[in-house]
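Residue numbering restarts at 1 for every chain, and letters A, B, ... go by the order of the sequence lines. The figures that follow rest on heavy atoms only: side chains count, while hydrogens, waters and symmetry mates do not.
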Amino acid sequence: MDVSLLLDGLNDEQRNAVAAPPSSMLVLAGAGSGKTRVLVHRLAWLMQVEQCSPYSLLAVTFTNKAAAEMRGRVDKLLNGRQQGMWIGTFHGIAHRLLRAHHLDAGLPAEFQIIDSDDQLRLLKRLIKAMNLDEKQWPAKQAMWYIGGKKDEGLRPEHLQAYDPIERNWIKIYQAYQESCDRAGLVDFGELLLRSHELWLHKPHILAHYQDRFSNILVDEFQDTNNIQYAWLRMLTGDRGNLMIVGDDDQSIYGWRGAQVANIQRFLTDFDGAKTIKLEQNYRSSSNILNAANALIVNNSERMGKELWTEDNEGDPISLYASFNEVDEARFVVGRIKEWQDQGGSLSDCAILYRSNAQSRVVEDALLQEQLAYRIYGGHRFFDRLEIKDAMAYMRLKNNRDDDAAFERIVNKPTRGIGDRALSLLRDASREQGSTLWQAATYLLDNNLIAGRAASSIRKFVELITALDNDVAELALHEQIDHVVLYSGLKSMYQLEKGEKAQSRIENLEELVSAARGFKIPDDSEEMTELSAFLAFAVLESAEGQADEFDDAVQLMTLHSAKGLEFPVVFMIGVEEGMFPSQQSTEESGRMEEERRLCYVGITRAMKKLYISYAESRRLYGKEMNHRPSRFIREIPEKYIEEIRLKTQIRQPTQFGRFSAGSEKMSFESTGYQLGQRVLHAKFGEGIVMNYEGSGPQCRIQIEFDQLGSKWLVVSYARLQAL
DNA sequence: ACATTCAGATAGAAG
DNA sequence: ATCTGAATGT
């Protein structure tokens with residue numbers, strides 16, 4: 001292959017990064033500056049020019065999507081799969097290490113990863129079992145405490161209690177850890193901590209990997225936390241080369257322990273590491289880019305970097321003040337339809353919001369107009385109740401000691417194991433320090449329980465054993481099919497009524513086909529197909545399977561939009577209290593992170609950016625009036641164009657960016673307000689969108705839910721305010 | 001033991 | 001508004 005191809009089309013800085021001799025370096029890469037390209041070309045360069053074996057390369061990312069993309073692009077650039085190269089997420093790679101060395105890591109061969117939902121349930125049980133007041137010791141907070149300590153590399157025995165409260169958290173941490181260890185359960189933080197400890201305690205294993213990975217590349221380095229940093233530091237050792245790519249302005253995961261300061265730490269620890277800045281943006285038109293730059297200078301803690309582009313001005317940013325969230329959604333959908341009418345494709349459009357809960361209203365509006373959409377993140381397939389139930393059976397089949405799975409399905413469907421029987425099991429397991437399954441078999445074998453409870457529990461134990469036996473010779477998807485059927489799960493859901501039940505059955509069937517389509521990854525050495533599938537469900541369920549190539553509007557949170565780009569971007573709900581979020585205004589130091597999040601949002605847009613906010617919004621069942629976000633004010637007016645209602649009656653000056661009510665005064669004499677919901681005897685419910693004139697002759701425009709928009713004369717319409 | 005009803009918490013992001 | 005766990009009824 002012609003090596004010069006690897007540098008073709010790169011700018012000077014990009015070339016410097018790609019073609020540097022193997023060494024440690026920092027690439028400060030602004031949004032849209034081609035950092036993935038640099039990473040991909042760097043990997044190729046190391047193999048082609050520096051003659052590094054793929055076996056010696058490790059590339060670490062945060063999301064599965066980023067890992068998959070990098071892998072795909074490297075393979076494409078080099079015309080074929082590069083065997084032996086490790087590309088994956090921190091969690092994925094840690095998992096792989098633990099599987100390969102589970103004995104040295106002190107884990108059973110069939111250890112299972114649990115997600116935060118399982119973790120929370122476990123903690124709830126535990127806190128209850130410790131006779132602690134759940135109000136005073138919320139499981140959520142325990143989870144947060146434990147996660148935080150694991151991020152810092154701390155075990156309960158490392159912790160010193162300075163007050164009785166902390167002392168109790170440590171006790172909970174300890175009990176939780178013991179119960180996980182007994183059951184062979186590993187939470188997300190544990191994956192990282194344990195693989196770090198593996199190296200710490202087994203120097204020969206560390207030496208092996210240090211020896212192997214002479215070049216390590218890390219993407220989105222600003223998102224690394226303490227344990228990840230320590231992990232990388234240890235692996236790199238004195239011989240390896242660590243290339244980190246990141247952007248301090250896009251650090252948006254501080255809340256889960258990410259330390260931007262790790263970039264500085266890297267520069268100190270890796271003395272002599274070169275810094276390369278990528279500041280040319282290839283993504284956005286200059287209006288959008290300038291707006292982003294203007295916003296981010298309001299942050300004080302920056303490394304200093306200003307993006308520039310050769311692109312032309314482009315369209316101004318459109319700002320829309322909506323009456324409420326429904327109006328906002330309708331506006332967005334209307335613009336998307338226009339885009340589509342002009343020949344644009346739906347998949348060019350992304351709707352970005354601060355929190356997942358905001359997607360609902362938008363979905364409704366899209367559904368109404370029959371526009372296809374796809375949601376990233378949020379409720380994932382493998383998070384669904386029925387799927388988790390089915391998977392819990394599989395987990396128990398795989399590992400009888402999996403208490404989280406046991407608790408979940410002992411009595412699902414109900415089989416006579418109620419509070420009474422269950423507390424017998426829990427007590428026994430607590431007394432003996434055993435798992436629930438062990439407790440159950442122990443009690444049965446020694447005839448320590450009798451009556452109804454005993455026979456119910458016996459039946460359950462026999463059921464699981466039978467399922468395991470029945471399924472021994474079957475393919476994975478047949479196993480799941482069998483288990484779902486014979487466990488009684490399926491009929492349980494079939495007996496439920498309503499649309500929900502129907503979709504639950506469909507999801508269970510979908511699970512079977514997901515299993516049928518599951519290919520065991522070639523990096524899962526020594527794993528059974530089931531173990532790999534179970535791990536996949538926890539670790540990689542995020543990226544949806546179907547619809548990926550359909551032409552659909554993309555819906556996602558601002559967080560999950562990082563790393564992506566779209567020709568048309570809508571940022572919705574840009575209001576004080578939403579974005580920046582309420583919590584961030586209260587916690588110190590979080591505001592700058594919110595601003596970075598806004599920066600991330602703006603810089604996703606290539607050609608057109610819409611920002612909208614609602615003057616009134618229904619939140620937690622209450623009507624709220626928010627002010628426009630401070631971030632809007634921080635964007636210079638010259639980059640912004642305000643959008644008004646279709647028929648312009650109002651004076652532009654009256655409809656200023658931050659006016660909230662003055663223009664409504666004369667109109668209010670009619671008794672109605674813009675954005676108000678009204679009921680019409682014939683046309684049904686609608687929203688007041690616009691008005692003309694005043695007094696009894698006043699005509700108002702109403703957007704009816706079913707019939708679309710109509711102009712009506714107030715005095716004849718006999719509207720009922722809602 | 002199970003089904004139904006009720007009250008109260010809860011809406012911040014991802015692996 | 002929606003979901004969860006507890007209280008209540010059968």
Chemist: Taking only the side-chain nitrogens and oxygens of A:Asn411, find out if one of them lies under 4.0 Å from OP1 or OP2 of B:dA1.
Modeler: no
Chemist: What about A:Glu594: does its side chain form a donor-acceptor pair under 3.5 Å with the base of B:dG12?
Modeler: yes
Chemist: Indicate whether A:Phe62 forms a stack on B:dG15; treat it as stacked only if centroid distance is below 5.5 angstrom and interplanar angle below 30 degrees.
Modeler: no
Chemist: Between A:Asn225 (CG) and B:dA14 (C1'), how many Å, whole number?
Modeler: 12 Å
Chemist: Of the nucleotides C:dT2, C:dA6, B:dG15, which has the atom closest to the A:Arg360 side chain?
Modeler: C:dT2
Chemist: Of the options B:dA13, C:dG5, C:dA6, whose atoms approach the side-chain atoms of A:Thr557 most closely?
Modeler: B:dA13
Chemist: Checking all strands, does A:Arg354 fall into the base, sugar-phosphate, or nothing category for heavy-atom contacts under 4.0 angstrom?
Modeler: base
Chemist: Looking only at side chains, do A:Gln136 and A:Glu134 share a donor and an acceptor under 3.5 Å apart?
Modeler: no
Chemist: Just checking, any donor-acceptor pair under 3.5 angstrom between side chains of A:Asp187 and A:Tyr176?
Modeler: yes
Chemist: Whole angstroms only, please: what is the CG-C1' distance between A:Leu191 and B:dA14?
Modeler: 14 Å
Chemist: Going by distance alone, is a donor N or O of one side chain under 3.5 Å from an acceptor N or O of the other, for A:Gln554 and A:Tyr376?
Modeler: yes
Chemist: May I ask you to say what A:Lys135 touches in the nucleic acid, namely base, sugar-phosphate or nothing, with a heavy-atom cut-off under 4.0 Å?
Modeler: nothing
Chemist: Could you label the plane-to-plane angle of the A:His91 and A:Phe188 rings as parallel, tilted or perpendicular, counting under 30° as parallel and over 60° as perpendicular?
Modeler: perpendicular
Chemist: Rounding to an integer number of Å, can you tell me how far A:Glu623 CD sits from C:dA1 C1'?
Modeler: 12 Å
Chemist: Using the ring of each side chain (for Trp, its six-membered ring), is A:Phe536 parallel, tilted or perpendicular to A:Phe533, with breaks at 30° and 60°?
Modeler: parallel
Chemist: Just how far, in rounded Å, is C1' of B:dT10 from CE of A:Met143?
Modeler: 14 Å
Chemist: Side-chain N or O of A:Lys140 less than 4.0 angstrom from OP1 or OP2 on B:dA11?
Modeler: yes
Chemist: Output the rounded distance in Å from CG (A:Asn356) to P (B:dA13).
Modeler: 5 Å
Chemist: Side chain of A:Arg618: nearest nucleotide among B:dC2, C:dA1, B:dG12?
Modeler: C:dA1
Chemist: Measure from the side-chain heavy atoms of A:Asn64 and tell me the nearest of B:dG12, C:dT4, B:dG15.
Modeler: B:dG15
Chemist: Side chain of A:Gln583 only, please: which of B:dG12, B:dC2, B:dA13 is the nearest?
Modeler: B:dG12
Chemist: What is the distance, to the nearest angstrom, from the CE atom on A:Met578 to the P atom on B:dG12?
Modeler: 9 Å
Chemist: Within the structure, does a side-chain N or O atom of A:Lys124 lie under 4.0 Å from either OP1 or OP2 of C:dG5?
Modeler: yes
Chemist: Using a heavy-atom cut-off of 4.0 Å across all strands, would you classify A:Glu190 as base, sugar-phosphate, or nothing?
Modeler: nothing
Chemist: Does B:dG12 have its OP1 or OP2 closer than 4.0 Å to a side-chain nitrogen or oxygen of A:Arg590?
Modeler: no
Chemist: Taking for each residue the nucleotide of DNA chain B with the nearest heavy atom, is it A:Thr414 or A:Glu593 whose nucleotide lies nearer the 5' end?
Modeler: A:Thr414
Chemist: Could you work out the separation of C:dT4 and B:dA13 based on their P atoms and round it to a whole Å?
Modeler: 15 Å
Chemist: OP1 or OP2 of C:dT2 versus the side-chain N and O atoms of A:Lys622: is any pair under 4.0 Å?
Modeler: no
Chemist: Do the numbers put A:Arg384 on top of the ring of A:Phe381, so that NZ or CZ is under 6.0 Å from the six-membered ring centre and no more than 45° off the axis?
Modeler: no
Chemist: May I ask you to verify if any side-chain N or O of A:Ser560 is less than 4.0 angstrom from the OP1 or OP2 atom of B:dA14?
Modeler: yes
Chemist: When the ring planes of A:His559 and A:Tyr253 are compared, do they come out parallel, tilted or perpendicular, using 30° and 60° as the limits?
Modeler: tilted
Chemist: Which residue, A:Leu619 or A:Arg415, contacts DNA chain B at a nucleotide closer to its 5' end, judged by nearest heavy atom?
Modeler: A:Arg415
Chemist: What integer distance in Å separates A:Ile457:CD1 from B:dA1:P?
Modeler: 10 Å
Chemist: For B:dA1 and A:Arg420 - does any side-chain N or O of the residue sit under 4.0 Å from the phosphate oxygens OP1/OP2?
Modeler: no
Chemist: Could you tell me the separation between the CE atom of A:Met492 and the C1' atom of B:dA3, rounded to a whole number of Å?
Modeler: 14 Å
Chemist: If you go through the side-chain atoms of A:Arg256, does one of them form a donor-acceptor pair with the base of B:dA14 closer than 3.5 Å?
Modeler: yes
Chemist: Are OP1 or OP2 of B:dA11 and a side-chain N or O of A:Ser355 less than 4.0 angstrom apart?
Modeler: no
